Protein chains: 2
Amino acid sequence: MNRTPSASAEDYLKALYALSTAPDASERVNTKAIADRLSLSQPSVTSMLKSLQKQGLVSYASYRGAALTADGRTEALRVIRKHRLIEVFLHRMLGYSWSEVHDEAERLEHAVSDTLIDRMDAALGFPDFDPHGDPIPGRDLTMRSHDAVCLLEIEPPCEVTIKRVMSQDSAVLDWLGQRGIRPGAPIRLVHLSPFDGPAEIAIDDRAIHLGRGLASMLRVRPVDAD
Amino acid sequence: MNRTPSASAEDYLKALYALSTAPDASERVNTKAIADRLSLSQPSVTSMLKSLQKQGLVSYASYRGAALTADGRTEALRVIRKHRLIEVFLHRMLGYSWSEVHDEAERLEHAVSDTLIDRMDAALGFPDFDPHGDPIPGRDLTMRSHDAVCLLEIEPPCEVTIKRVMSQDSAVLDWLGQRGIRPGAPIRLVHLSPFDGPAEIAIDDRAIHLGRGLASMLRVRPVDAD
DNA sequence: TTTCAAAGTTAGACACGGCTAACATGTCAA
DNA sequence: TTGACATGTTAGCCGTGTCTAACTTTGAAA
Ligand SMILES: [Mn+2]
Ligand SMILES: [Mn+2]
Ligand SMILES: [Mn+2]
Ligand SMILES: [Mn+2]
């Protein structure tokens, strides 16, 4: 009943975890949401959900969506931990840019053993966050909370520190990176134009105008909130 | 016709390469030899050989065995390069012992990109040999020749340097490693008992008696041959 | 030259993880 | 209350890679 999940199953579990913990998302996740996120057909998802349920990793009811079980959540966190530690490793030890790490990690996460990931963790000094600012679950597989808030929820003008960038798109990450927009960077939210207008920020006294899409990907913390 | 080989196909190609380049082996490889090496049934091998032939990686004739094509050889060497560089990386950068590296590399070799392996290669200073003394194909995928000879072909007494240990068995490697028998170690072949008897060697003035099986795994070079 | 054991292939099955086409259900707005 | 449309499932297919059982071929010893 309970073998090691396949690489495919692991990606489903990660998707389930991400979708069920997204801001204002319910615990139960739609078939369609999973299909969209993984670029698979809906019937494929239905079929895998049944299989994951049989393995005790997911609780699923026809037409009612799916939710991770405790076991499923653990497996998801194990893979997420691997993914993010691999990203840090590639970035710090092998010169990968933060826009390159995701795709490589997406494959390696299914091939590295628990032992290897622990040795990488130690070699890196037990990092808490990956290059995008995503929190890395510890060995005990508890997810660290990320006390950062979306840039769009800040009242301008305000000095903030970037904590996390919620994108894996390498073009987006390259564009942001070239402008110094990365976790740890101090920026100033200057103005938020109304009617879904752009956000004006200043970084190193240089003004940058971000569309709402981009701006909503930035998670920040006001500098005086520390 | 020619997609990227699957992980399974890559293991078949490696097996084909190893079996066809083994000492006193013909270029054509038996179905049974592959099945034994990969612990698979013979029908599975027949079926994969047909598939590899369709992909242009193997030339195969019913009841006549199989041989790698030029393309197949290239693919095999690409995977072998990955395997051995991963072994070096795990050993030197992450504290793996030489008895632990093989199993981990066996999975990772199918997941690392060509880009990643080149960065690992550079980070390691372009090593020529893996922890077992196996030669690492260069970026151009040419196999370096290993000018070492089997310990059993040496006329005792003779001072030799160990160049290579032809085993992936972790129990064997641990046993040898504990006694200092590893690539680079200088040893003295003291005596070769007749009638398939043991080989007596001395390392750090300590006598060790090796059965023929173990002794045949050691590849050495006389110290004055340099 | 015959025979027979080892090696090899074919046939047929299965699990997995995809897909499309067709059908079923749920939900929201009229 | 009732469509209509979005969402979800079922049915049936496919490719990959494995297996066992049964049959065929090879090649070497007698
Ligand atoms: Mn993945
Ligand atoms: Mn990340
Ligand atoms: Mn392998
Ligand atoms: Mn090796």
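For the numbers below, each heavy atom of this structure counts, side chains included, while hydrogens, waters and symmetry mates do not. If you're wondering where the values come from, they're calculated on a predicted model, not measured in any experiment.
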Specify the separation, in whole Å, of atom [atom1] of [X] and atom [atom2] of [N].
X     : N      : atom1 : atom2 : result
B/Q55 : D/dG17 : CD    : C1'   : 12 Å
A/L49 : C/dG17 : CG    : P     : 13 Å
B/Y60 : C/dA7  : OH    : C1'   : 11 Å
B/K50 : D/dT18 : NZ    : P     : 16 Å
B/L40 : D/dT18 : CG    : P     : 5 Å
B/R28 : D/dT26 : CZ    : P     : 14 Å
A/Y63 : C/dT25 : OH    : P     : 5 Å
A/K32 : D/dT7  : NZ    : P     : 5 Å

A/L176 CG to A/R182 CZ distance, which is reported to the nearest 0.5 Å: 10.0 Å
A/H102/A/H83 aromatic ring centres below 6.0 Å: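 Centroid separation for A/H102 and A/H83: below 6.0 Å.
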[X] side-chain proximity, nearest of [options]:
X     : options                : value
A/T46 : D/dG8, C/dT9, C/dT20   : D/dG8
A/S8  : C/dG18, D/dT18, D/dA21 : C/dG18
A/S62 : C/dG18, D/dT9, C/dG26  : D/dT9
A/Y12 : D/dG8, C/dA11, C/dG18  : C/dG18

Distance-only polar pair, side chains of B/S99 and B/S97, donor-acceptor under 3.5 Å: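 Yes, B/S97 and B/S99 have a side-chain donor paired with an acceptor closer than 3.5 Å.
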Pi-cation contact, A/Y96 with B/R119 (under 6.0 Å, within 45°): yes
Phosphate oxygens OP1/OP2 of [N]: is one of them under 4.0 Å from a side-chain N or O of [X]?
X     : N      : value
A/S47 : C/dG17 : no
B/R64 : D/dT26 : yes
B/S41 : D/dC19 : yes
A/N30 : D/dT7  : no

Parallel, tilted or perpendicular: rings of A/F89 and B/F89 (30°, 60°): perpendicular
Contact nearer the 5' end of DNA chain D, comparing B/Q42 with B/M48: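 Between the two, 5'-proximity favours B/M48.
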Touch class at under 4.0 angstrom, heavy-atom based, for A/S6 against every strand present: sugar-phosphate
